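I have placed the structure first, in the form of structure tokens, so that the comments after it can refer back to it.
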Protein chains: 2
Amino acid sequence: MSSDNRSETEAEIMEATYRALACRGYAELSIAAIGEEFKKSPSLVYYHYDSKDDLLLSFLDFVVEEFTAMFEDGRDDDPESRLRELVDEALPVEPADEQRKFYRIFTELRTQSVRDPAYRERFRALETRIVEAVTELLREGTERGRFNVGDVDRTAEHLVALLLYGLKVRATSAREPAVRETRALAEELIDDAVTHQHSTP
Amino acid sequence: MSSDNRSETEAEIMEATYRALACRGYAELSIAAIGEEFKKSPSLVYYHYDSKDDLLLSFLDFVVEEFTAMFEDGRDDDPESRLRELVDEALPVEPADEQRKFYRIFTELRTQSVRDPAYRERFRALETRIVEAVTELLREGTERGRFNVGDVDRTAEHLVALLLYGLKVRATSAREPAVRETRALAEELIDDAVTHQHSTP
């Protein structure tokens, strides 16, 4: 699934980075720790990346590429099902351990944006890409006569706000009523987009 | 505004903590740095707190107390105006530097919850308090015949989700269209709560 302009070694370093982040978190992470998770020689990690942040910024580029590839893969599927899959990815009813790890990693890396413009730029790109994907699905569904949405851009921002908020609550305060209500609100938003169509003449 | 069971010295240490956090952020913060921001002897900070995290957890308790006191102070005001003030506090159109600092501090401290259960507990308490305050305003407005809200608990979670998401976007990716749309959605939510009343017989 990784992009063509990334070598196999680089893709393997990205996987090692994910595992090291999941175990240690951002603060305790080092290039040495990533080298330990990497199956080939750790010196290859040093060869490709100058610092922990250099590597993590590449990791975020990799996440954006993966998201884009995943989105392109599903291009022929029904827009409503794809929106519902997005809800299940971000706010599953029973998250797997792997998913919980991802939400934690995502939250920790995102917070680096508070003080580091390079992280801010990556998260802006990632969020923009997610909102664009939702916007595209809403437009496509509207063209196919499946959705009836007033303001597509606002609805896309609304759905992404609910999903990213719920995901962050799960990773931080773990307030379960908030996660449940946020998921229900996201589902309602999709229901409204679909059912409004049936009520118009 | 601080609670009675906190001494004047402790309240001053909390103010110094806020200033030190705003300048340095969580990772670079130390008890020594807080001592430098403190007007009295830095040794007093060490006398009251064992570690940086011990102090920061007290700081979060202080934030919950401040929020509660602020909420109690406005008890006699109109519920609709109070909800709109909350939107202005969390998502001002033009945030002051001081507010931007607060959003960054809030985001950095919240992320400590990913790995530290003591932070998680504080943020769960703070979020619960905020949602309770919004729920109370929605109920009060409903009793006074000003609001007509279907599900009060869900609407409260919805408003808080939009406000905290917008605040975090401002502190991290700084994606301005998202902040603008999120604020508009929060305002719409309040408008709907109010105007529905006029359309019922």
Side-chain angles (χ1 to χ4, degrees), chain A residues 24-28 100-101 103-117 119-128 130-131 151 153-158 160-186 188-189, chain B residues 24-28 100-101 103-117 119-128 130-131 151 153-158 160-186 188-189:
Chain A
R24 294 168 187 254
Y26 176 83
E28 307 289 322
R100 287 192 189 272
K101 275 182 197 168
Y103 306 146
R104 290 200 291 262
I105 291 173
F106 184 83
T107 301
E108 283 197 310
L109 290 182
R110 188 169 180 172
T111 299
Q112 304 314 311
S113 311
V114 167
R115 313 226 160 238
D116 188 331
Y119 280 89
R120 198 173 307 147
E121 193 193 292
R122 261 63 174 202
F123 276 94
R124 198 180 295 159
L126 179 57
E127 278 175 34
T128 302
I130 297 172
V131 173
D151 182 333
D153 294 314
R154 179 165 298 174
T155 306
E157 288 287 358
H158 197 172
V160 173
L162 292 169
L163 299 184
L164 294 186
Y165 173 76
L167 184 156
K168 185 195 53 178
V169 166
R170 203 160 228 165
T172 56
S173 68
R175 211 163 45 84
E176 277 305 320
V179 177
R180 214 168 39 237
E181 294 292 357
T182 310
R183 185 184 159 111
L185 287 160
E188 259 180 31
L189 201 73
Chain B
R24 294 168 187 254
Y26 176 83
E28 308 288 321
R100 287 190 189 274
K101 275 182 197 168
Y103 306 147
R104 288 200 289 262
I105 292 173
F106 184 82
T107 300
E108 285 197 307
L109 290 182
R110 187 169 180 174
T111 299
Q112 305 313 313
S113 310
V114 168
R115 314 226 159 236
D116 188 330
Y119 281 89
R120 198 172 308 147
E121 192 193 294
R122 261 61 173 203
F123 276 94
R124 197 180 296 161
L126 179 56
E127 279 175 33
T128 302
I130 297 171
V131 173
D151 182 332
D153 294 313
R154 178 166 298 176
T155 305
E157 288 286 359
H158 196 171
V160 173
L162 292 168
L163 300 183
L164 294 186
Y165 173 77
L167 184 156
K168 185 195 52 176
V169 166
R170 203 161 228 164
T172 55
S173 69
R175 211 162 46 85
E176 276 306 318
V179 177
R180 216 169 39 238
E181 293 292 357
T182 310
R183 185 184 160 111
L185 287 161
E188 260 180 31
L189 200 73

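Given the structure is predicted, the values throughout are model-derived calculations rather than measurements.
Between A:Arg115 and B:Glu108, at least one side-chain N (NZ, or NE/NH1/NH2) sits under 4.0 Å from a carboxylate O, which counts as a salt bridge. Using a cutoff of 4.0 Å between basic side-chain nitrogens and carboxylate oxygens, B:Glu188 and A:Arg154 are scored as salt-bridged. The pair A:Arg124-B:Glu176 does not meet the salt-bridge criterion, since no charged nitrogen lies less than 4.0 angstrom from a carboxylate oxygen.
B:Val160 has its side chain within reach of A:Tyr165: a pair of non-hydrogen atoms, C-beta onward, lies under 4.5 Å apart. Side-chain contact check for B:His158 versus A:Thr182: every heavy-atom pair is 4.5 Å or farther apart. A heavy-atom distance below 4.5 Å is found between the side chains of A:Glu157 and B:Arg175. B:Val169 has its side chain within reach of A:Arg110: a pair of non-hydrogen atoms, C-beta onward, lies under 4.5 Å apart.
Counting heavy-atom pairs under 4.5 Å between each of B:Asp116, B:Leu126, B:Leu185, B:Leu164 and chain A puts B:Leu185 at the top. Ranking A:Arg104, A:Glu127, A:Glu121 against chain B, the residue ahead of the rest is A:Glu127, based on heavy-atom pairs under 4.5 Å. Interface summary for chain A: among B:Ala174, B:Ala161, B:Ala184, the most heavy-atom pairs under 4.5 angstrom belong to B:Ala161.
Residue A:Leu162 touches chain B through its side chain alone, counting heavy-atom pairs closer than 4.5 Å. Contact annotation for A:Arg24: only backbone heavy atoms (N, CA, C, O) come within less than 4.5 Å of a heavy atom of chain B.
Minimum heavy-atom separation, B:Thr172 to A:Ser113: O-CB, 3.6 Å.
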